[in-house]
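To start, the structure under review is shown below, and the notes come after it.
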Amino acid sequence: TSCIETGLFRYELWEANKISRVEVEDYHVRHYELLEIERLLNQHGLKVIGKWQAEPHSRKEATNSDKVVLYECVKSSMA
């Protein structure tokens, strides 16, 4: 079952050792179970060709225990 996480990002622009501007952004992130996202990708014409751990540049295949998975997809060809 998917869930939505809500949070705030705060950005500070520092100039001459002082904060000159602050921005606060509200964000919402939807988390999906593996089967849920794979079904949605398939419904939108995408074929999963790889599942990877979310560590940048690791190129390690994801496992079912990974909390975050990056999907590599191609557009399915229509016959």
When the side chains of residues 37-50 are checked against the rest of the protein, which donor-acceptor pairs come out under 3.5 Å, sequence neighbours left out?
{"unit_1": "E38", "atom_1": "OE2", "unit_2": "K51", "atom_2": "NZ", "d": "3.0"}
{"unit_1": "E38", "atom_1": "OE2", "unit_2": "Y71", "atom_2": "OH", "d": "3.1"}
{"unit_1": "H44", "atom_1": "ND1", "unit_2": "L40", "atom_2": "O", "d": "2.8"}

With a 3.5 Å cut-off and sequence neighbours excluded, list the donor-acceptor pairs that the side chains of residues 13-20 form with protein atoms.
{"unit_1": "W14", "atom_1": "NE1", "unit_2": "E12", "atom_2": "OE1", "d": "3.1"}
{"unit_1": "E15", "atom_1": "OE1", "unit_2": "S20", "atom_2": "OG", "d": "2.9"}
{"unit_1": "S20", "atom_1": "OG", "unit_2": "L13", "atom_2": "O", "d": "3.2"}

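Here T63 pairs with S65, D66 under the side-chain contact (heavy atoms from CB on, under 4.5 Å) rule; sequence neighbours left out.
The two atoms that bring L70 and Q53 nearest to each other are CD1-O, 4.0 Å, heavy atoms only. Minimum interatomic distance between E23 and R21 (heavy atoms only, all atoms of both residues): OE2-NH2, 2.7 Å. Nearest heavy atom pair, residue G7 against residue D26, reads O-OD1, 3.2 Å.
How far OH of Y27 is from OG1 of T6: 8.0 Å, rounded to the nearest 0.5 Å.
Heavy atoms of other residues, nucleotides or ligands lying less than 6.0 angstrom from CD of E55 number 12 at most. By the 6.0 Å contact criterion, CG on N64 is open, its count of non-hydrogen atoms from other residues, nucleotides or ligands being 12 or less.
V68 is not connected to L34 by any chain of hydrophobic side-chain contacts under 4.5 Å among Ile, Leu, Val, Met, Phe, Trp and Tyr, and they are in different clusters.
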Take W52 and K60 through the test side chain to side chain contact (heavy atoms under 4.5 Å, CB included) and record every step on the way to the result.
CA-CA 6 Å; W52 307 99; K60 292 181 183 174; 5.8 Å; no
